[in-house]
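A quick write-up on the structure given underneath.
Throughout, residue positions are numbered sequentially from 1 according to the sequence presented. Counting convention: from 1, in listed order, for ligands and their atoms alike.
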Amino acid sequence: MNNLTSEDLGKQTIRFKRFLMALTTYTLNIIAAYLILQLGLGEIEPTVWWLFVGSTIVINLVFALMFLNHWNLRFRDPSLTALQILVSASWGMILVYGLPEARPLILLFFIPAFSFGMLRLNTQQYVLVAGLCLAEYAGLLFWENFYRPTFRLEFELFLFVLFSAVLLWMAVFGGMVSKIRRELKRKTVQLQHANELITRQSSTDDLTLVYNRRHAIRVLKHFLAIANRFEMPFSVALIDIDHFKQINDEHGHLVGDEVLKEFARRLADSLRETDVLLATTFHPEIQDEDSDVELESFVARYGGEEFLILLPGVDQPHSLSALQRLREAIGIQAFYVPFPLVVRFSAGVAQYQRGETLENLLHRADEALYRAKNLGRDRVEFAE
Ligand SMILES: Nc1nc2c(ncn2[C@@H]2O[C@H](COP(=O)(O)OP(=O)(O)OP(=O)(O)O)[C@@H](O)[C@H]2O)c(=O)[nH]1
C-alpha cells in the first residue's frame, strides 16, 4: 500500500485537499449554528451542542487518519465521497434534531455536503445517499411525532417534501455533472493516447520502425547540449549498406525493403545488447534533466539505405568495438529475404568535439563514410 507511484500520490493529494474542503464546510456550519444560537433563532440543549461539536472533531480526525495513512485506498471509491456525504448528513441530523425552531435554516447546511457528490457519484449512487439521509430524517420526524409536544406535523411534512425534492434534484443534476466529468476524463485519456501515437509516428520511420531522420536530429541537438554541459564524450556513426542499388536492381524493391527492415532490426538489437555506456550511467545527474528525450544509444534511418547510430559516452577508440559488434550482427548470418543474401556496410564514425555544431559533426561522419566507400567499402573509417 505504501509503494505508491507519483501519480497515486498526486491523486491522494487531491483527495486530501477535498477532505480539507469538507473540513472547512464543517467549521463554517459550526460557526453558522453558533450564530443562529447567538441571534436567538433557536435554542439547543448543551449536551446536544457538545455532541455536535465533539462529533465534528472525531469524524474529521478519523477521515484525516484514513487519508494520511492511505487506508482509503482499501475502498472501492478511494475518495470516500459517498461515505463522507453520509457521515456529514448524519452529523447534520444532530442539529436538525437539536434546533427544531431553526430547522429550515439547518437544512440548508446539507446542500454543500451533497454538492461534493457532483465530483464523484452517479445518479443511482446519489439517489441512494440522498435516500439514506432522508430515511434518517423521516425516522427523526416519526419519533418527534410521538415524543415532541411542539411537533407541527403539517409544517414538518411540507419541509420534508421540499427537502426531498431539493435532494432529488441535486441527485439528478449531480449525476449529470459527474457523467460529464467522467466523459471528459475518458476523452482526455483518449486524447493523451492519440497524442502519444502521433508523437511516436512522427518520430518513427514507417518502413524500418526505427527513429526517422527528423527525430534523430532532434535527439542529437539535445544530446549536444548535454554533452557540452557535462563534458561527456559521444560518437555518431553513419552506416550505409554497400551496393544496395544492386540488391534493388537484381531482386526488386520489395526485397530491398526487406533488407532495409532486417538491417535496421539487427542494428537495433545489436545496440541493445552492446554494453554501450548510456549517458545516464556516465553522468547519473543527467537523469534530472527536464527532457522527454531518452539519453540512450539509438539507431535512426538517416536516408534511403543510410542509418545513423548514436553512441553515448563512447569516444572514438571505444566506438570501434561497438562497430565491430554491429558488423558481426549484420555480416555473420546471411539475410533471408526469403533467400539468403549477404549484406555488407560501410561506416564513418565521428566523436563529438566540444563546441562544434551538429552540422559539423555530421559532416565529419559523412566524410569518413565517403572515405570508407572510396577505400573499397565493407569497412569503418574514423573522422579526423
Ligand atoms: N527498396 C528500397 N530502395 C531504396 C529505398 N530508399 C532508397 N532506395 C534505393 O537505394 C539505392 C541507393 O543507391 P546508391 O546511392 O547508388 O548506393 P549503393 O548502390 O548502395 O552504392 P554504395 O552506397 O556506393 O555502395 C537507390 O537505388 C535507391 O532507389 C527504399 O526505401 N526501399
Side-chain angles (χ1 to χ4, degrees), residues 197-220 235-272 274 297-311 314 316 319-351 358-384:
L197 192 71
I198 291 169
T199 311
R200 209 170 34 242
Q201 279 176 346
S202 70
S203 62
T204 308
D205 174 57
D206 285 343
L207 180 70
T208 58
L209 302 182
V210 294
Y211 282 163
N212 59 23
R213 183 182 179 128
R214 183 158 27 104
H215 189 67
I217 299 288
R218 193 168 86 90
V219 179
L220 279 174
S235 300
V236 292
L238 287 181
I239 297 180
D240 191 283
I241 302 177
D242 291 336
H243 301 301
F244 186 66
K245 186 173 179 314
Q246 211 173 309
I247 296 175
N248 267 338
D249 291 348
E250 282 176 22
H251 308 290
H253 249 72
L254 286 183
V255 169
D257 283 356
E258 286 309 308
V259 169
L260 287 174
K261 282 198 256 180
E262 179 63 11
F263 191 81
R265 194 182 61 75
R266 288 193 191 192
L267 287 186
D269 285 353
S270 165
L271 267 192
R272 226 167 280 137
T274 307
S297 57
F298 71 78
V299 53
R301 189 170 175 203
Y302 197 63
E305 69 334 345
E306 196 173 345
F307 292 83
L308 180 149
I309 280 177
L310 169 73
L311 302 167
V314 176
Q316 202 148 301
S319 63
L320 191 62
S321 63
L323 263 294
Q324 187 52 35
R325 289 198 206 184
L326 293 183
R327 178 168 297 287
E328 285 164 14
I330 301 295
I332 283 184
Q333 265 198 335
F335 283 37
Y336 287 89
V337 281
F339 51 87
L341 191 75
V342 175
V343 176
R344 303 263 182 244
F345 69 81
S346 304
V349 183
Q351 181 188 335
L358 179 59
E359 289 70 28
N360 201 57
L361 173 70
L362 292 173
H363 178 69
R364 289 194 301 114
D366 198 40
E367 272 184 348
L369 170 63
Y370 187 71
R371 213 172 334 114
K373 289 278 180 187
N374 279 342
L375 291 171
R377 297 179 174 80
D378 192 17
R379 59 186 292 144
V380 179
E381 281 294 310
F382 292 101
E384 276 127 25

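Looking at D242, its side chain does come within 3.5 Å of a backbone N or O of D378 through a donor-acceptor pair. A donor-acceptor distance shorter than 3.5 angstrom exists from the side chain of S235 to the backbone of V314, with no hydrogens or angles considered. When atom types are taken as modelled, the side chain of R301 and the backbone of G304 share a donor-acceptor pair closer than 3.5 angstrom. With Q316 contributing its side chain and Q351 its backbone, the two residues share a donor-acceptor pair below 3.5 Å.
Scanning the protein for heavy atoms near atom 7 (C) of ligand 1, the closest one is G304 CA, 3.6 Å. The protein heavy atom nearest to atom 17 (O) of ligand 1 is E305 OE2, 3.2 Å. Closest to atom 19 (O) of ligand 1 among all protein heavy atoms lies K245 N, 2.8 Å. Taking atom 2 (C) of ligand 1 as the reference point, the nearest protein heavy-atom neighbour is D257 OD1, 3.3 Å. Given atom 20 (O) of ligand 1, the protein heavy atom at minimum distance is F244 N, 2.7 Å. Here the protein heavy atom with the shortest distance to atom 22 (P) of ligand 1 is K373 NZ, 3.4 Å.
Not a single heavy atom of R344 lies less than 4.0 angstrom from ligand 1.
Each of the following atoms of ligand 1 lies closer than 4.0 Å to a heavy atom of I241: 20 (O), 23 (O), 25 (O). Contact atoms of ligand 1 toward G256: 1 (N) (distance under 4.0 Å to a heavy atom of the residue). For ligand 1 and N248, the ligand atoms under 4.0 Å from any heavy atom of the residue are 1 (N), 2 (C), 3 (N), 4 (C), 8 (N), 9 (C), 10 (O), 27 (O). Within the listing of ligand 1, atoms 30 (C), 31 (O), 32 (N) sit less than 4.0 angstrom from a heavy atom of L260. Those atoms of ligand 1 that come under 4.0 Å of a heavy atom in R377, given as number and element, are 22 (P), 24 (O), 25 (O).
Across E384 and R371, no two heavy atoms sit closer than the pair OE2-NH2, 3.5 Å. For N212 against S202, the heavy-atom pair with the smallest separation is ND2-O, 2.9 Å. Considering every non-hydrogen atom in both L220 and F298, the closest pair reads CG-CZ, 4.5 Å.
Taking the six-membered ring where tryptophan is involved, the planes of F339 and H251 are tilted, since the angle between them lies from 30° to 60°.
Nearest to atom 30 (C) of ligand 1 by heavy atom, out of E258, H251, H243, R301, is R301.
In the model, H363 has a side-chain atom that pairs as donor or acceptor with a side-chain atom of E367 under 3.5 Å.
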